[in-house]
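All remarks here apply to the structure that follows.
The first residue in the sequence is number 1, and the count goes up from there. What's counted below: heavy atoms across the whole structure, side chains too, no hydrogens, waters or symmetry copies.
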Amino acid sequence: MPLGVSNSALDTARWAIGIGAFLVMISAWIVALLGWHLRRRKLANKVLQRLGLIPGEGNGSTRTLRIWHEGKEATIVVPRMPQQSGPLGRIEQMRLQAGWRTPAIALLPMAAGIGAGAFLLVFATTGRLLGGVCGLIAVLLVLWAYLRRCVNRRENLFDLQFVDAMELATRSLRAGHPLVGAFQLVSEEIGDPVGPVFGEICQQQAMGLSLEDAIHIVGSRSPSEDMHLFATSVVIQMRSGGNLADMMERLSLVIRDRIRLSRRVRILTAQTQFGKRILVALPFVLLAVLSILNPRYMDLLYSTTPGQLLLCGAGVSVLLGMWMMNRMIRLRY
C-alpha cells in the first residue's frame with residue numbers, strides 16, 4: 001500500500017472509477033441510440049414528405065377560403081393552425097389519441113399534484129429523500145403507462161372500425177355516391193374514433209380546401225399507419241385515375257390480414273410478455289419485502305452514497321431493459 005493512502009481513500013477511488021465507467025457506458029449507449037433514432041426519423045420524414053403526407057416548406061402558413069356572398073365570390077386568407085411541438089405538444093397529441101377531453105395544459109398540473117402527494121407521503125413514511133423521489137418517479141411512470149394503455153386501446157379500436165369504414169365506403173362508391181358523399185356516410189354511420197376523422201375531411205373540404213389537401217392534413221395528423229396508407233392510396237388514385245371502390249376493397253383486405261397477423265404475433269409472444277412483467281416487478285418486490293422484514297439489512301442502500309447510486313443505477317437498468325424488450329417484440333410492417 002502506498003504511504004499516506006488509507007483503505008477508505010482506496011475504496012472511494014474504486015467506487016468513483018466504477019461509477020464513472022458505468023456512466024460513460026450508459027452515456028455512450030444513449031448517444032448511439034439517439035443518433036440511430038434521429039437518423040431513422042429523418043428518413044421516415046423524407047418518405048412521408050415525398051408521399052405528400054407532410055407539407056413541404058413552400059406551402060406557407062396560410063390558406064385561401066372561397067365563399068359566396070350575395071351571388072359573388074369572395075376570397076379570405078386565413079392562417080393555418082400552428083402545430084405544437086416539444087413535450088407539451090407530444091402530450092397533447094397523446095391525449096387526443098387516447099380520447100381524453102381534458103387538455104394537456106390541465107392534465108400536467110393534475111399529474112404534478114399527484115406526484116407531489118406521493119412524494120410527501122413516502123417521505124413522511126420513510127423519512128428519506130431518496131424514497132420520496134422514487135415514489136414520485138413511480139407515480140409518474142404509472143400515469144404514463146396508463147396513458148399509453150389508453151392510447152393503445154383506442155388505436156386497436158381504430159383499426160377495427162377502419163376496416164368497417166373501408167367496406168362501407170366501398171359499397172357507397174359502387175352505389176354511385178361521390179367520394180365526399182362516401183366519407184360523409186362513414187362519418188355518420190361509424191362512431192368514434194373513426195367517424196370524426198372522416199367528418200373532419202368533409203368539413204375541411206366544405207370550408208374551401210381541396211379534397212387532396214384535406215386528406216393529406218388528416219392523414220398526417222393520425223397516428224395510424226393504416227390511415228397513412230389510405231391517404232396515400234386515395235390521393236394517388238385520384239391523380240392517376242382508377243376505380244376507388246376496388247382500391248378500398250383491396251385496402252380493407254390488407255388491413256384485415258395485418259390485424260390477423262398482429263393477433264397471431266400477440267398470442268405467440270404472450271409468454272414472453274408475462275415473463276417480462278415478472279422480471280421487471282421482481283427487483284422492486286424483493287426490495288420492498290426485504291426493507292419491511294429487515295430494515296437494518298437494507299439500511300446501507302439508503303443511508304450511504306454508494307448504496308443510493310446503486311439503487312438509482314439498478315432502477316435505470318430495469319427501465320432500460322423493459323424498454324428494449326418492448327421494442328424487440330414490436331411488429332413492424
Side-chain angles (χ1 to χ4, degrees), residues 48-49 51-56 58-84 89 92-93 95-97 99-101 103 154 157-159 161-224 226-249 251-252 255:
L48 293 176
Q49 187 171 352
L51 292 176
L53 295 178
I54 296 180
N59 290 345
S61 57
T62 61
R63 68 179 185 182
T64 303
L65 298 182
R66 293 177 175 86
I67 60 176
W68 289 89
H69 179 66
E70 296 181 354
K72 297 181 180 180
E73 183 182 5
T75 60
I76 301 176
V77 179
V78 297
R80 294 183 182 270
M81 293 296 293
Q83 296 183 354
Q84 294 181 346
E92 178 66 18
Q93 183 181 4
R95 193 269 304 176
L96 294 175
Q97 295 173 12
W100 294 357
R101 298 185 180 274
R154 190 175 174 87
L157 179 61
F158 186 93
D159 293 339
Q161 290 184 348
F162 194 71
V163 177
D164 298 334
M166 290 295 96
E167 294 178 351
L168 181 61
T170 300
R171 293 193 296 268
S172 177
L173 290 174
R174 287 178 175 171
H177 294 170
L179 184 59
V180 179
F183 289 169
Q184 185 67 34
L185 180 63
V186 170
S187 66
E188 295 174 356
E189 298 294 332
I190 304 297
D192 189 60
V194 172
V197 173
F198 286 89
E200 185 179 358
I201 295 177
C202 298
Q203 184 179 10
Q204 293 278 351
Q205 196 269 342
M207 290 293 293
L209 199 64
S210 66
L211 186 58
E212 291 186 10
D213 292 339
I215 295 175
H216 281 167
I217 293 174
V218 176
S220 62
R221 290 177 182 173
S222 176
S224 175
D226 297 332
M227 189 64 190
H228 296 169
L229 179 61
F230 164 77
T232 305
S233 303
V234 170
V235 170
I236 292 176
Q237 200 81 354
M238 291 175 62
R239 292 176 180 176
S240 61
N243 195 328
L244 285 172
D246 292 341
M247 184 274 296
M248 290 188 181
E249 184 178 7
L251 183 60
S252 64
I255 296 174

Do [X] and [Y] come close enough that some side-chain heavy atom pair is under 4.5 Å?
X: L185; Y: F198; result: no
X: R174; Y: E249; result: yes
X: V186; Y: V197; result: no
X: M166; Y: D226; result: no

For the [atom1] atom of [X] and the [atom2] atom of [Y], what is their distance to the nearest 0.5 Å?
X: Q161; Y: R154; atom1: CD; atom2: CZ; value: 8.5 Å
X: L157; Y: F162; atom1: CG; atom2: CZ; value: 13.5 Å
X: I215; Y: I201; atom1: CD1; atom2: CD1; value: 5.5 Å
X: I255; Y: M248; atom1: CD1; atom2: CE; value: 10.5 Å
X: H216; Y: H228; atom1: NE2; atom2: NE2; value: 11.5 Å
X: M247; Y: I236; atom1: CE; atom2: CD1; value: 9.5 Å

Quick one: closest heavy-atom pair of [X] and [Y], and the distance?
X: G191; Y: P196; result: O-CD, 4.0 Å
X: A169; Y: A182; result: O-CB, 4.1 Å
X: A245; Y: N243; result: N-OD1, 3.0 Å

query: Distance-only, no hydrogens or angles: does the S233 side chain make a donor-acceptor pair with backbone N or O of L229 under 3.5 Å?
result: yes

